[in-house]
Amino acid sequence: MLNTNLYNTHLGKNLGIFSEQENIELSNKLQQEFLQELFDASGEKFIISAEHIGSLSEVHIHHLKSLLDPYALSYKIIFYVRHPIDFAVSKAQQELKRRQSFESLIIDDILPKYRDTIEPLANQFGKENVYIRVFNPNLFICGDLICDFLDAIDESPALLNNRERYRKNTSLSLEAISILSEYNKEHSPLSGS
């Protein structure tokens, strides 16, 4: 919606965006849908999940805030950060799933760049409105990310009393990672296989 260069990204390719015109059309459509949802919102709070907000420039974040301002009395940005090693391991696993091999991974690309993401948010929404929480199940309220998030937005984790808890995003074993890396090396577009 805000990133005008989607057609040059992995996400853009997954969305079928192969030209600047397609990107602009999709961006305009998504922005209109987003504004309509804001207009229709009837609750005291609304939540926007933005896993890829780090890919936005400060100009795009400023634009996002300008879209939100007519509908929001205040902001609370909740940002979960992983330990840098945990982040790098998770990112490397994601890249391996995308057909990379160990040898093709670039360390700088898998290390977190939290400051680059958090500073523009703090600049635009106010440092006092950005809350950083550690992504660690051992530290979560009730040992659960959703309970922890509810606590972060000043809601009671008791809202989830009847919810079944499960972990969806599990890590690959070292053996599985090694096999996947070797497979990717043999079947990479660069290997000619």
Side-chain angles (χ1 to χ4, degrees), residues 1-3 10-11 14 30 33-56 58 60-61 64-65 67-69 71-98 105 107 109-178 180:
M1 172 181 87
L2 300 170
N3 191 338
H10 179 71
L11 177 60
N14 285 344
L30 292 174
E33 289 174 5
F34 178 69
L35 289 171
Q36 187 62 51
E37 285 193 35
L38 288 175
F39 181 78
D40 293 342
S42 59
E44 187 177 298
K45 299 177 183 178
F46 56 90
I47 298 168
I48 299 170
S49 177
E51 181 177 356
H52 298 286
I53 199 161
S55 67
L56 297 178
E58 190 155 349
H60 288 111
I61 292 170
L64 173 63
K65 185 174 183 299
L67 293 174
L68 294 171
D69 278 345
Y71 304 97
L73 298 174
S74 63
Y75 296 99
K76 192 169 194 179
I77 313 272
I78 313 299
F79 196 91
Y80 281 91
V81 296
R82 289 183 178 202
H83 185 282
I85 301 260
D86 295 338
F87 181 94
V89 167
S90 177
K91 179 80 170 179
Q93 288 184 6
Q94 291 302 315
E95 293 303 316
L96 288 169
K97 290 176 189 176
R98 287 192 185 116
L105 294 176
I107 295 297
D109 290 345
I110 63 171
L111 292 176
K113 296 171 181 64
Y114 294 134
R115 173 170 276 164
D116 294 348
T117 301
I118 295 170
E119 275 186 355
L121 291 168
N123 291 343
Q124 294 303 315
F125 288 94
K127 188 183 273 188
E128 71 281 3
N129 295 317
V130 177
Y131 298 83
I132 300 171
R133 294 174 82 98
V134 176
F135 186 91
N136 181 336
N138 296 326
L139 301 176
F140 293 157
I141 302 292
C142 310
D144 183 84
L145 175 61
I146 304 300
C147 283
D148 195 78
F149 180 74
L150 286 172
D151 178 71
I153 63 168
D154 302 318
E155 293 292 339
S156 171
L159 290 171
L160 301 176
N161 278 344
N162 298 323
R163 181 179 69 86
E164 183 179 332
R165 296 184 183 149
Y166 64 93
R167 277 204 68 172
K168 183 177 177 186
N169 190 6
T170 55
S171 298
L172 296 172
S173 69
L174 181 58
E175 181 181 19
I177 290 171
S178 297
L180 187 55

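Predicted model, so just to flag it, every value in this text is computed and none were measured. We use all heavy atoms of the structure for the numbers below, so side chains are in, but hydrogens, waters and symmetry mates are not.
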- Message: Restricting to side-chain hydrogen bond (donor to acceptor under 3.5 Å, both in side chains), what partner residues turn up for N123, sequence neighbours left out?
- Response: E58
- Item | side chain to side chain contact (heavy atoms under 4.5 Å, CB included) partners for V81, two or more places apart | F79, Y114, I118, I132
- Note on the structure: Taken to the nearest 0.5 Å, the spacing of L64 CG from I48 CD1 works out to 6.0 Å
- Note on the structure: Those residues at least two apart in sequence (or on a different chain) that pass ring pair (Phe, Tyr, Trp, His ring centres under 6.0 Å) with F149 are none
- Item | E37 CD to L30 CG distance, which is reported to the nearest 0.5 Å | 10.5 Å
- Message: Let's go through F140 and F135 carefully: what are the C-alpha distance in whole Å and the side-chain angles of both, what is the deciding distance for ring pair (Phe, Tyr, Trp, His ring centres under 6.0 Å) to 0.1 Å, and is it a yes or a no?
- Response: CA-CA 8 Å; F140 293 157; F135 186 91; 5.4 Å; yes
- Would you say the side chain of Y75 lies within less than 4.5 Å of the side chain of V130, judging by non-hydrogen atoms? no
- Message: Holding to salt bridge (Lys or Arg N to Asp or Glu O under 4.0 Å), I want the full list of residues that pass it with E33, two or more places apart in sequence or in another chain.
- Response: K29
- Query: Is V134 close to R82 at the side-chain level, that is, under 4.5 Å between some pair of heavy atoms?
  - Reply: no
- Kindly indicate, with the supporting measurements, whether the criterion salt bridge (Lys or Arg N to Asp or Glu O under 4.0 Å) is fulfilled by D154 and K76. CA-CA 10 Å; D154 302 318; K76 192 169 194 179; 3.1 Å; yes
- Taking only residues two or more places apart in sequence, or in another chain, which ones meet N129 in a side-chain hydrogen bond (donor to acceptor under 3.5 Å, both in side chains)? none
- Task: Tell me, please, which residues at least two apart from Y80 pass side-chain hydrogen bond (donor to acceptor under 3.5 Å, both in side chains).
- Result: D148
- Item | Pairwise salt bridge (charged side-chain N to carboxylate O under 4.0 Å, His left out) hits with a residue in residues 114-131, at least two apart | R115-E119
- Task: For L38, enumerate each residue passing the side chain to side chain contact (heavy atoms under 4.5 Å, CB included) test, keeping only those at least two apart in sequence or located in another chain.
- Result: F34, L35, F46, L68, Y71
- Quick one: closest heavy-atom pair of C147 and I141, and the distance? CB-O, 3.4 Å
- Task: Output all residues satisfying side chain to side chain contact (heavy atoms under 4.5 Å, CB included) with N138, sequence neighbours left out; order by chain, then residue number.
- Result: N136
- Message: Could you measure the distance from the CD1 atom of I85 to the OG atom of S90? Nearest 0.5 Å is fine.
- Response: 13.0 Å
- For Q36, check side-chain hydrogen bond (donor to acceptor under 3.5 Å, both in side chains) against everything at least two apart and list the hits. D40
- So OG of S74 and NZ of K45: to nearest 0.5 Å the spacing works out to 9.0 Å
- Note on the structure: Rounded to the nearest 0.5 angstrom, the CG-SG distance for L150 and C142 is 9.0 Å
- Nearest atoms (heavy-atom pairs only) where I61 meets F125: CG2-CE1, 3.8 Å
- salt bridge (Lys or Arg N to Asp or Glu O under 4.0 Å) against D151, all qualifying residues, sequence neighbours excluded: R133
- Task: Mind checking salt bridge (Lys or Arg N to Asp or Glu O under 4.0 Å) for K113 and listing every partner two or more places apart, or none if nothing turns up?
- Result: none
